[in-house]
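Let me begin by presenting the structure, written as structure tokens, before commenting on it.
Numbered from 1 within each chain, the chains take letters A, B, ... in sequence-line order. Computed over heavy atoms, backbone and side chain alike; hydrogens, waters and symmetry mates excluded.
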There are 2 protein chains.
Amino acid sequence: MKISTKSQYGLRAMVYLAKFPQKICSLRSISKDEGISFDYLEKIISKLKKAGLIKAKRGVQGGYFLNKSPAEIKIREIIKALEGTTGLVKCMAAEKYHCPREKKCLTKIFWKKIQVSLNSIFDSSTLADLIKGSKAT
Amino acid sequence: MKISTKSQYGLRAMVYLAKFPQKICSLRSISKDEGISFDYLEKIISKLKKAGLIKAKRGVQGGYFLNKSPAEIKIREIIKALEGTTGLVKCMAAEKYHCPREKKCLTKIFWKKIQVSLNSIFDSSTLADLIKGSKAT
DNA sequence: CTAAAACCGACCAATTTCGTCGGTTTTAAA
DNA sequence: TTTAAAACCGACGAAATTGGTCGGTTTTAG
């Protein structure tokens, strides 16, 4: 039940970009400042871009920048872009999957409770909140 | 960011035992009723036993039973026994580990928030609650 | 004595994680 | 117009984790 470094790195990269909302930041600078492997970060950034959370400018002086303002980007969107889903267990992650034990499953109710709480935080937190430090909610 | 089947199976096994607090249940019966691989479940049960959450009676007619009443067993204890920790990220899971970025890390505050919320549910839920269905908290 | 059960350590296949590598395309600036 | 810095892309691969399997031993009720 660990959060992968993919998500941790991805979130850090997004926070990095959010700190300089106007600026275009190269992968090189993010990787260097955050101490994340350049090649690996590229893969992560690529997912964030495909999800439409960031945009890129190619060529010399190019780099990445947020597609929306930090206050408009929920953490949920970031995790979903990287992880595919914020679902903790199969029966909540995959729409299609239908567990045969569902009806009588006493544990599902519990996992659901965890899931709801988690999603609520993921949804109520934005990049702007992270930069401000902590948040009330 | 998935919860492993190890934890899911383990929780189901504990709920199973909690449903018959007096009875001694054999691994065979749990595995059969819950549809979990016998050999794999054995490994899981072994961890729960080492953590002191369940006890065993050996020999014919033997099996497993809870060491405390369902109302006294928090889900947190179960997850910790199986997973080693309920920590989501390294800097919260390992006591020893000290992240060099800690001071300036804006994401840590966020993960911490998630962690606190998670632990609070893990701590306030007992096996008895799961059996009753859902719970207020 | 026997069979049912817990107990135990070693092994193993598949998957996921966490990268690496070698290229290509684009583009600002010299 | 060349050059170098950057994004982009697909393939590969080592290491760790997950989810088991197997072959035994010990214990104990009947």
message: By nearest atom, which of the nucleotides D:dC8, D:dG19, C:dA28 is closest to the A:A56 side chain?
response: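 Ranking D:dC8, D:dG19, C:dA28 by closest atom to the A:A56 side chain puts D:dC8 first.
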- request: Check every atom of D:dA5, C:dC8, D:dA6 against the side chain of B:E42 and return the nucleotide holding the closest atom.
  value: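 Shortest atom-to-atom distance from the side chain points to C:dC8.
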Could you tell me how far apart [X] ([atom1]) and [N] ([atom2]) are, to the nearest whole angstrom?
X     : N      : atom1 : atom2 : value
B:F38 : D:dG19 : CZ    : C1'   : 16 Å
B:I24 : C:dA6  : CD1   : P     : 10 Å
A:I54 : D:dA6  : CD1   : C1'   : 14 Å
B:K2  : C:dT15 : NZ    : C1'   : 14 Å
B:D39 : C:dA6  : CG    : C1'   : 13 Å
B:F65 : C:dA6  : CZ    : C1'   : 12 Å
A:I3  : C:dT17 : CD1   : P     : 13 Å
B:L27 : D:dT27 : CG    : C1'   : 16 Å

query: Closest nucleotide of DNA chain D for A:K43 versus for B:E83: which of these residues is on the 5' side?
result: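 Between the two, 5'-proximity favours A:K43.
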Ignoring backbone atoms, establish whether [X] has a side-chain N or O less than 4.0 Å from OP1 or OP2 of [N].
X     : N      : value
B:Q61 : C:dA5  : no
A:Y40 : C:dT17 : no
A:Y9  : C:dG19 : yes
A:T5  : C:dC18 : yes
B:S37 : D:dG19 : no

- prompt: Which distance, rounded to the nearest 0.5 Å, do you find between the CD1 of B:I73 and the CG of B:L53?
  reply: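 Rounded to the nearest 0.5 Å, the CD1-CG separation comes out at 6.0 Å.
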query: Below 4.0 angstrom, N of the basic side chain to O of the carboxylate: do A:K47 and A:E83 qualify?
result: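 Salt bridge flag = no for A:E83 with A:K47.
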task: Heavy atoms only: give me the nearest A:Q61-A:K57 pair and the separation to one decimal.
output: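 Looking at all heavy atoms of both residues, the shortest contact is O-NZ, 4.2 Å.
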Closest non-hydrogen atom pair, B:K2 against A:L88: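 Where B:K2 meets A:L88 most closely, the heavy atoms are CD-O, 3.4 Å.
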query: Quick one: the side chain of B:R58 and the base of D:dT26, do they pair up donor-acceptor inside 3.5 Å?
result: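 In this structure, the two groups form a donor-acceptor pair.
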What's [X] touching, base or sugar-phosphate or nothing? Going by heavy atoms closer than 4.0 Å.
X     : answer
A:K49 : sugar-phosphate
A:G62 : sugar-phosphate
B:I45 : nothing

task: Could you check whether the rings of B:Y9 and B:Y40 sit parallel, tilted or perpendicular, using 30° and 60° as the cut-offs?
output: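 The rings of B:Y9 and B:Y40 stand perpendicular, inter-plane angle above 60°.
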Which residue lies more 5' along DNA chain C, comparing B:G59 with A:K57 via nearest heavy atoms: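 Upstream on the strand: B:G59.
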query: Is there a donor-acceptor contact under 3.5 Å linking the side chains of B:S120 and B:D123?
result: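 On atom types as modelled, these side chains do not qualify, holding no pair under 3.5 Å.
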